[in-house]
Amino acid sequence: MSVVTRFAPSPTGRLHVGNIRTALHNYLFAKKHGGTFILRIDDTDRERSTAEFDQAIRDDLDWMGLRPDMIVRQSERFDLYEREFQRLKEAGRVYACYETPEELDLRRKVLLGRGLPPVYERQPADAPVPEGRAPHWRFRLDHEAPIVFTDLIRGEQRFDPKLLSDPVVRREDGSWLYLLPSVIDDVDLGVTHVVRGEDHVSNSAAQTQMFEALGAKPPQFAHEALLVAAEGKLSKRLGSYGAEHLRAEGVEPMALLSLLARIGTSQPVEPVANLAELAGGFDFSTFGRAPAHFDPNEVALVNARLLHRLDLAAVADRLPQGATEEDWLLLRPNLERLSDFTAWFAVLHGDVDPPELGHEERLLVKDAAAIAEKLDWAAEPWRALTDELKRTSGRKGRELFHPLRLALTGRESGPEMAGLVARMGRDRAVRRLEAAAKR
RNA sequence: GGCCCCAUCGUCUAGCGGUCUAGGACGUCGCCCUUUCACGGCGAAAACACGGGUUCGAUUCCCGUUGGGGUCACCA
């Protein structure tokens, strides 16, 4: 049987690192086994779901190369839910309830106050039905059958159904809550593996019975430990590391994905060039069970390391017009993000603002300009320039190089000067040295 | 509050009773390369939360404490 996974976001916001990680794991597991990766848009909540977020989610997945083999929307499948719902109703697995949210809330507080688990208490069969009120519907958990399933990450999971509330599956107005439609879809689409955060384990327990009530075998579950922010402790804050933010920061998708695929596992976080390679090493047994700390700085680190080994071909279409292989190899080791390339490209082929230098440095740079003027640029201009200047000025080491670097590139640090100087050409070099001397 | 999960270097983790003078990766620090900074190469420092057991012997098993995470919605 071939593997089928699904990623089921609701279009009520953009993707963030937690979401993306779940999507990625579903994708990688499916691809590793030559299976199918489904994107299921969970838009049963018509109040909060928007077409814009629906689109944004697909764009973000596309940006990362996480292409779904199939896309379905729950809002287009209500007929199916209706049919299955009727079946469950006839089988007595779904029943009508008439409590108001306020009543339920109060009851919960009372139980909690008495130190009891706030589990929903079923009404007796002969309880009076309030007049003129539409019911909402709950799924009847089988209290006699202990719920047991083997989680791919957490091992054997056991739940006493008596400690679980019968989940509400449908509201008074007929709208759906996510629990049941999700199961119906998983059955219908042949989902074999449900990979999601550990905040869903108790949902999985209840859903296990729903699969069975529908006459289906529950899928394999894998509940991964959540990500928490490195600073502070609220996992909610992770929301700020959204896809749009990461994209705006100039993060390479594969850098993000390399980190997200490995964080919280026993495998080293290292830049990996493509999804296929990531999929090859994917293994639930390497997943830890403790929440992992997500540190945005780590994304930047992986991003830089990834860039340093990328070939020109991988980035050529995102580089400025006229950038050559030589430019790329020269500048690449110094990039933290690809967009840095543009500024360095200007150092080679455009203009830079002259820096402010001290009196001594201005004199040095003025001498440098005079020397540079006469050099054979086809030989080793940087070597020749610095050798000569060392002799005339008596300076060496940082004393000598720092002012030259500043004058020639406008920056404190950067790639190898020899390469930069040779590449920028004599005219540009002389012009900059003179400009810095005058400033 | 009930229930569930977790607890090893700063971080992610390996370890499944003796093989641990506790291994790897990221970060940090140092050295090398570079007549500068960075890149790169090499190396070093750095951890078994605490208290009880069990055992000839506990990082490893059990209990408790402390600490973290999750969940108990007519959200997903």
Side-chain angles (χ1 to χ4, degrees), chain A residues 8-13 19 42-45 47-49 97 99-101 104-105 108 111-120 135-138 151 153-155 157-160 163-165 167-173 175-179 181-182 196-203 205 223 225-228 230 233 235 259 262-270 286-295 297-298 301-302 304-305 307-309 330-336 382-383 386-387 389-390 395-406 409 411-418:
Chain A
S10 62
T12 55
N19 274 336
D42 279 13
D43 55 354
T44 55
D45 187 338
E47 297 284 293
R48 298 194 298 147
S49 299
C97 296
E99 300 92 339
T100 63
L104 292 170
D105 196 44
R108 232 180 338 258
L111 290 170
L112 229 29
R114 299 218 313 252
L116 295 169
V119 176
Y120 173 71
H136 59 277
W137 304 83
R138 287 185 188 261
D151 190 291
I153 293 171
R154 294 158 63 91
Q157 303 289 301
R158 279 179 178 279
F159 290 86
D160 178 354
L163 263 28
L164 264 26
S165 296
V168 176
V169 296
R170 199 171 191 182
R171 299 189 184 92
E172 286 136 35
D173 64 2
S175 62
W176 300 98
L177 264 8
Y178 123 100
L179 232 48
S182 176
R196 62 206 328 192
E198 69 176 1
D199 49 335
H200 280 286
V201 275
S202 60
N203 286 337
H223 294 97
L226 268 19
L227 245 32
V228 296
K233 50 181 169 179
S235 59
L259 173 63
R262 301 278 179 82
I263 190 174
T265 76
S266 56
Q267 303 195 67
V269 171
E270 58 195 0
T286 65
F287 280 59
R289 265 145 291 198
H293 294 76
F294 174 82
D295 183 350
N297 294 327
E298 216 171 337
L301 254 10
V302 177
R305 282 200 292 151
L307 248 21
H308 298 166
R309 39 198 275 192
L330 179 59
L331 266 23
R332 179 178 73 171
N334 212 256
L335 304 178
E336 285 181 10
W382 176 248
R383 180 97 211 175
T386 52
D387 277 350
L389 204 55
K390 186 156 64 174
R395 289 180 175 232
K396 59 180 180 176
R398 186 181 164 83
E399 289 268 278
L400 176 66
F401 289 93
H402 189 66
L404 291 176
R405 176 178 280 287
L406 269 176
T409 71
R411 312 251 204 131
E412 296 278 345
S413 72
E416 200 67 53
M417 281 306 290

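What you see is a predicted model; the values in this text were computed from it and never measured. The chains referred to below are lettered A, B, ... by the order of the sequence lines, with proteins before strands, and numbering in each begins at 1.
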**Report entry** B:C74 base / A:Glu172 side chain donor-acceptor hit below 3.5 Å
**Finding:** yes
Query - Donor-acceptor pair under 3.5 Å, A:Arg289 side chain vs B:C5 base - result: no
Query raised in the report: Whole Å only: how far is the CD atom of A:Gln157 from the C1' atom of B:C3?
Result: 12 Å
Query raised in the report: Looking only at atom C1', what distance separates B:A73 and B:A14, rounded to whole Å?
Result: 40 Å
**Report entry** Distance, C1' atom - from B:C39 to B:A76, rounded to whole angstrom
**Finding:** 45 Å
Report summary line: Applying the 3.5 Å cut-off to both distances, the Watson-Crick or G-U partner of B:G64 turns out to be B:C50
Query raised in the report: Touch check for A:Arg108, heavy atoms < 4.0 angstrom, all strands: base, sugar-phosphate only, or nothing?
Result: sugar-phosphate
Can you name the atoms? Protein N/O to nucleotides 32-34 of chain B N/O, anything below 3.5 Å, with the distance.
| residue | atom | partner | partner atom | Å |
| --- | --- | --- | --- | --- |
| B:U34 | O2' | A:Glu416 | OE2 | 3.0 |

Query - hbond_proxy A:Lys390 side chain to B:U35 base (donor-acceptor, 3.5 Å cutoff) - result: yes
**Report entry** Donor + acceptor pair across side chains of A:Ser175, A:Arg171 (<3.5 Å)
**Finding:** yes
Query raised in the report: How far does the P atom of B:G24 sit from the matching atom of B:G15, given to the nearest Å?
Result: 15 Å
Report task. Consider the side chain of A:Arg305, meaning its heavy atoms from C-beta on, and name the nucleotide among B:C5, B:U71, B:C26 that approaches it most closely. Result -> B:C26
Query raised in the report: If you look at every strand shown and take non-hydrogen atoms under 4.0 Å, does A:His402 touch a base, only sugar-phosphate, or nothing?
Result: nothing
